Structures are given as C-alpha cells and as structure tokens.
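The figures that follow rest on heavy atoms only: side chains count, while hydrogens, waters and symmetry mates do not. None of these values were measured; they are calculated from a predicted model. When a residue number appears, it is its place in the shown sequence, counting from 1.
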Amino acid sequence: MKKAFLTGITGQDGSYLAELLLSKGYEVHGLIRRASTFNTSRIEHLYRDPHESDIRLFLHYGDLNDASMLARLLTRIAPDEIYHLGAQSHVRVSFDVPVYTADVTGLGTVRLLEAIREAQVPSRFYQASSSEMFGATPPPQNEKTPFYPRSPYAISKVAAYWFAVNYREAYGLHISNGILFNHESPRRGEGFVTRKITRGLARILAGKDSHLYLGNLDAKRDWGYAPDFVEAMWLMVQQPKPDDYVVATGETHSVREFLTMATGLIGLDLEKVVKIDPRYYRPTEVDALLGDATKARQVLGWQPRVRFPDLVKMMLAADMRHEGLEPTFEVPTDPLTWRASQVP
C-alpha cells in the first residue's frame, strides 16, 4: 500500500486529492493546523474513528512554520509521495498579511523540502504552483512564459517554485511543479470570487441578503473544475522523471461572464443585485490569465472534463441546495468516475 502525505488536506484541493488517493488504495496522511473550532468539514465524509480497523486516513497536527516537527513527521510516516498544497492562498488577503504569506507560502516550502532531506525519505514531491505567478505577462501562458507576479501571494509562489526546481537539480529529488490555473468547485472557499458569487446569489434567492458586493468584474481567468485538476497532480507524481506542467482549460472568462451566466440561470437582474465595493480591488491587478496545457495533454494524457458553463451550474446548484432551494435548471452530473463513491 502506497503512503501519501498531504499539506493543506482540509482545503478544496486537499479534500479532493484525499478522495482520489483513497479510491486508488493509498494510505493518506494529512497535516492540519490546531484551531479552537473544527476546520475539517471538507473531509468529514472521509474520516473514520481511528479505533476502527482498516483505517487509511490519518490526520496530524502541525504547521508549515515548524521545521523540526515536519522532519519528525516524515521520518515516522515515510511517505512514498508528498503533495504540498498548504499555503495562505487568498490573493487579496496577501496584501494585508504579506509577511505571513511569504513565511507560510514561500518559506514553508523550503522547510518541507529540508525536512525531506533531513528525514532522508525518498519521496516523490508535488509543489502546488499557481497561474498567479504569471501576473502581468500577456496570455496565453505556458511552461516557458516568464513570471511577472503582482501580489505577495504570487511572489511567494514564485519563490517556492524556484526552491522546488533548485532542490530537484541540486539533490536529484523527484519534484514536480504543477502550475495550476484557477480551479473551482462547490468546496471553494467562500472568500474566493466564484464561490462568493454562487453563495451570494443563493442567499439572495433565499431572502437572506438583498445585494452581492464585488470588486473588479473585468478580470479574466481560466477556470476549471478542481477534481479534474487534482488528477493532474497525481499524474505528475507518477511520471518516471519529474518536470513542471501548466494545468488549464485553455478558455478564459471574465468575472462578469461568470456573474451573468449565474444570474441568468435563476432569473435575477445583475444590475439590481450586484454592487461594486472598491475595498475588493487589488492594489495591483492581474488582468488576464489563459493557460496553454499542451504539455500536460501530450505527456500526462490529461485533459479537463468539466467546462465553464457546467462548472457555474454545479457550484450554483450546490449553494442553492445548501439554502434549502431546489435548482430550476438542469444540473450536470459529475463526470469523474472515481468520485462516485466519494461524493458526500
């Protein structure tokens, strides 16, 4: 039985990746931060009482700022694969907490890489890089596109990316960078714009709110489906040689397009329910991201299966049902077969 160690297991990507690995028979270990309230809602459907037999999901308290703990944990677990997803990942918030973002998102990666060397664990390593690293570089963006980061988050991710490349070349470690473009789902954090839209519109329909407050509606992003993207993570780690890959749908849509489609599905007037709040603008904006995933298609055999219109419907339907409302539009079924037994 293969063992995998995940940082960020309680996040959107971590929860879907845990599902995928468990469906493939892995023993999965996840790093979680101690909090006064439970922060494991995304993986509750996977968790089982540790007193039961045949347990394959284990959670460990820790933090990316504690290097010695990471080394001890890796020595004890001895994972075959490590997926480093943990980070302070909110771009707008990174302007408010730049030092913390740099410490966790940037230096946290170095601590984990050093822990691997100290523990002498021959693990294959996946580094979660981000399309935000391209920033102001004009689209389309691929593995050879120069980085031009526009936020403390993106700068920290660029540092982590190059640390991963350096450790791969200096120490011969199997380390791959996945440069993932935006990927969403019903489990997306409520502070991210796509989920903010679908959750906000559902609350308006339910009579709980009257308006939805947003920032820049003209920013364009390449939006895909998170479970699609975690498959690409796994495929990278299975390759004989480590490398870096862009993962994207190859389509770009503005926030306004997302909003227009969502309001159109439920018959709301965009102009009446949406208000612009300048507080949600970034000091330096990323205007357009569009990924060229040719390499991932050719080498990994990966391609996205959920496209933009279906993604909007899936997210909106989930938030409507959370508010006790049944969608009046046709909701697409999840095309990923491995999720059939894992969907809560």
Side-chain angles (χ1 to χ4, degrees), residues 1-24 26-52 54-90 93-94 97 100-101 103-116 119 121 123 125-128 130 153 156-157 160 178 180 183 185-192 195 226-227 229-230 233-234 237 342 344:
M1 184 186 301
K2 282 188 176 182
K3 293 181 183 180
F5 176 70
L6 281 61
T7 68
I9 192 172
T10 59
Q12 170 189 250
D13 293 5
S15 67
Y16 287 125
L17 181 59
E19 285 183 1
L20 174 64
L21 295 174
L22 289 170
S23 75
K24 292 181 177 295
Y26 280 66
E27 179 178 298
V28 177
H29 295 258
L31 185 70
I32 63 171
R33 287 176 296 169
R34 183 0 182 119
S36 59
T37 56
F38 289 114
N39 55 5
T40 55
S41 60
R42 292 186 180 96
I43 55 173
E44 281 181 358
H45 63 292
L46 301 175
Y47 188 75
R48 289 171 55 189
D49 190 319
H51 300 97
E52 296 180 18
D54 194 29
I55 302 298
R56 290 192 292 117
L57 175 64
F58 302 89
L59 302 179
H60 307 270
Y61 284 113
D63 201 290
L64 290 170
N65 64 10
D66 189 341
S68 61
M69 175 279 305
L70 291 171
R72 290 195 304 272
L73 198 55
L74 294 183
T75 299
R76 188 164 76 246
I77 298 171
D80 301 285
E81 299 171 5
I82 297 173
Y83 296 85
H84 180 35
L85 314 180
Q88 191 301 100
S89 59
H90 197 287
V93 172
S94 76
V97 289
Y100 174 76
T101 300
D103 183 52
V104 174
T105 307
L107 293 181
T109 304
V110 187
R111 295 186 187 103
L112 188 54
L113 290 170
E114 275 295 285
I116 293 172
V121 177
S123 306
F125 187 94
Y126 171 83
Q127 165 60 24
S130 168
Y153 167 75
S156 302
K157 279 293 187 181
L180 272 57
H183 43 290
S185 75
R187 296 184 195 170
R188 189 57 146 150
E190 295 172 359
F192 292 85
R195 183 72 196 289
F229 282 45
V230 301
M233 298 177 189
W234 180 79
V237 175
Q342 304 292 345

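Listed for the K157 side chain is no donor-acceptor partner under 3.5 Å among the backbone atoms of S89. Side-chain atoms of R34 do not come within 3.5 Å of backbone N or O of Y61 as any donor-acceptor pair. R188 contributes no side-chain N or O that, together with a main-chain N or O of R195, makes up a donor-acceptor pair within less than 3.5 Å. When atom types are taken as modelled, the side chain of R56 and the backbone of Y26 share a donor-acceptor pair closer than 3.5 angstrom.
With sequence neighbours excluded, the residues that form a side chain to side chain donor-acceptor pair (under 3.5 Å) with D103 are R111. With sequence neighbours excluded, the residues forming a side chain to side chain donor-acceptor pair (under 3.5 Å) with T109 are H84, listed by chain and number. Partners of R42 by salt bridge (charged side-chain N to carboxylate O under 4.0 Å, His left out), not counting sequence neighbours: none found. In this structure F58 satisfies the side chain to side chain contact (heavy atoms under 4.5 Å, CB included) test together with E27, H29, I55, H60, sequence neighbours excluded. With sequence neighbours excluded, no residue forms a salt bridge (charged side-chain N to carboxylate O under 4.0 Å, His left out) with E44. Partners of H183 according to the ring pair (Phe, Tyr, Trp, His ring centres under 6.0 Å) rule, which considers only residues two or more places apart in sequence or in another chain, are F229. For Y100, the ring pair (Phe, Tyr, Trp, His ring centres under 6.0 Å) test picks out no residue, with sequence neighbours left out. Looking at residues two or more places apart in sequence or on another chain, you find no salt bridge (charged side-chain N to carboxylate O under 4.0 Å, His left out) involving D66. Y16 meets the side chain to side chain donor-acceptor pair (under 3.5 Å) test with S185; sequence neighbours excluded. Not counting sequence neighbours, the partners of F192 by the ring pair (Phe, Tyr, Trp, His ring centres under 6.0 Å) test are H90. Scored by the ring pair (Phe, Tyr, Trp, His ring centres under 6.0 Å) test, F5 finds no partners at all (sequence neighbours excluded).
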Practice item. Dump the intermediate steps for side chain to side chain contact (heavy atoms under 4.5 Å, CB included) on M233 and D13, then the final yes or no. Key: CA-CA 10 Å; M233 298 177 189; D13 293 5; 3.6 Å; yes

Exercise for review: Please assess L59 against T10 for the test side chain to side chain contact (heavy atoms under 4.5 Å, CB included), listing each intermediate value before the final yes or no.
Suggested key: CA-CA 10 Å; L59 302 179; T10 59; 6.0 Å; no

**Study point:** Stepwise side chain to side chain contact (heavy atoms under 4.5 Å, CB included) test for Y153 and V93
**Key:** CA-CA 9 Å; Y153 167 75; V93 172; over 6 Å; no

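If you run side-chain contact (heavy atoms from CB on, under 4.5 Å) between L46 and each of I9, L57, V28, only L57 comes through.
Residues V121 and P79 share a closest heavy-atom pair of CG1-O, 3.5 Å.
Contact annotation: the side chain of W234 approaches that of Y83 to within less than 4.5 Å [non-hydrogen atoms, C-beta and beyond]. By the 4.5 Å heavy-atom criterion applied to side chains, L74 and L112 are counted as neighbours.
We find the OG1-OH distance between T40 and Y47 to be 8.5 Å, quoted to the nearest 0.5 Å. Rounding to the nearest 0.5 Å places CD1 of I32 at 13.0 Å from OG1 of T7.
For residues 70-85, the set of pairs meeting the salt bridge (charged side-chain N to carboxylate O under 4.0 Å, His left out) definition, not counting sequence neighbours, comprises K2-E81.
For the 3.5 Å distance criterion, the side chains of Q88 and T105 fail to qualify, holding no donor opposite an acceptor.
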